[in-house]
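This report refers to the structure that appears directly beneath it.
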Amino acid sequence: MLKKLAYWMRLLPLHLLFWVLVWLLYVYFFNYTANNQSFAAWFSASILPITISATYLFSYLLVPKYLIPRRYFLFTLYAMYVFIGSLFLVLIVTFVNFIFISNFNMAKMPVLTRNFVFVLIMVYLVVGVVSFFKLLHFNSTTANRNKELENKLLEGKLLLKQRELHYLKQQIHPHFLFNTLNTIYGFALKNSEETPELILKLSSLLDYILNQIDKPSVALTEEIKYIDAYIGLENVRFRDTLNVSFEKDVQAEMQVPPMLFMAFVENSFKHGSAIDGELRVEISINTTSHKLEFNIGNTVNRNTKVTESHGLGIENSFKRLDVHYPNAYLCEVTEENNWYQVKLEINTQSNE
């Protein structure tokens with residue numbers, strides 16, 4: 001309540017100035033071809049309260065409460081009430097001025113003050129102008145408010161996106177560590193001499209994770225080096241039972257989310273099956289100026305049920321693809337003749 005009172009107190013001088021100008025405008029027009037200037041001044045002063053009442057009724061009641069909410073019937077009805085009331089008051093004011101100021105002498109009244117239509121036009125010219133600016137102000141305020149809401153919505157979506165990406169990235173740590181530590185644990189149980197080498201390779205991989213995972217994107221060449229290091233780790237684990245190839249044809253350097261492809265790579269080693277005593281894994285990464293192709297395939301036993309999702313890692317990767325490349329990637333998963341294949345194609349140009 002106090003805020004509203006302070007607001008109106010700040011506007012009061014502007015309103016007073018505006019009505020003084022309106023009064024001067026009335027005096028100017030009603031003095032046209034008139035000899036009695038004092039009559040025009042008094043007549044303008046007596047018409048001014050009617051103008052003020054009608055203006056505030058329209059601009060602060062009828063327009064915001066009925067016209068803007070599109071309650072056109074009620075707006076028209078109450079506008080007619082106000083108009084009829086204004087006409088009645090104008091008639092009374094005219095007769096009062098005719099009786100008390102001109103002393104029943106019509107000749108003393110300026111011509112325009114006798115014309116009820118002109119007087120009403122003058123009154124509702126002011127009402128119309130003020131109501132029009134009130135509508136403009138409302139439209140401007142609404143547009144600014146909608147813009148602010150839109151910006152807040154976009155900021156909220158961006159914040160949710162950042163939080164989702166942070167959550168997905170945080171999931172990579174335990175997922176990767178669980179798989180790799182299981183490998184080292186198995187070698188340690190066998191007292192393998194290669195356990196220290198595995199730990200050293202793991203240390204190198206963890207260094208990449210700790211330094212790169214919190215970045216929004218990394219160079220594709222860095223991601224390839226990481227995949228190479230991981231393949232080296234698996235080569236130690238599988239020894240002679242692993243046949244892996246990794247082809248790279250990077251014609252255009254680009255940025256990708258860190259560890260985006262690792263779930264697919266890990267999946268091939270974890271869920272792949274040895275055929276004739278050998279697990280075969282084929283990986284390829286090809287790029288052009290606007291496209292990135294990632295293909296990975298591995299041998300699999302037909303009796304082993306293979307699905308498109310093998311737990312948290314694959315699900316995580318698809319969620320990150322949806323966030324980073326919405327409607328800009330295609331992923332095809334096939335299984336045929338003991339061969340499980342994932343083909344991922346990303347349109348990187350649409351993400352720029």
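The side-chain tip of K134 does not point at the ring of F132 from less than 6.0 angstrom away and within 45° of straight on.
Salt bridge absent: K152 and E150 never bring a charged side-chain N and a carboxylate O closer than 4.0 Å.
T348 places a side-chain N or O within 3.5 Å of a backbone atom of H290 that can act as its donor or acceptor partner. Using a distance-only test at 3.5 Å, with no hydrogens or angles considered, a donor-acceptor pair links the side chain of E223 to the main chain of M259. A donor-acceptor contact shorter than 3.5 Å is absent between the side chain of S131 and the backbone of G128. Checking side-chain atoms of T299 against main-chain N and O of R280 turns up a donor-acceptor pair under 3.5 Å. Judged by distance alone, the side chain of S59 and the main-chain N or O of V130 form no donor-acceptor pair under 3.5 Å. Under the 3.5 Å distance criterion, the side-chain polar atoms of E253 are matched with a main-chain donor or acceptor of L220. Between the side chain of S245 and the backbone N or O of E282 there is no donor-acceptor pair closer than 3.5 Å.
The ring of F73 has its center no closer than 6.0 angstrom to the ring center of Y66. Note: Y56 and Y60 meet the aromatic proximity criterion, with ring centroids under 6.0 Å apart.
Contact between V27 and A41 at its shortest, heavy atoms only, is CG2-CA, 4.0 Å.
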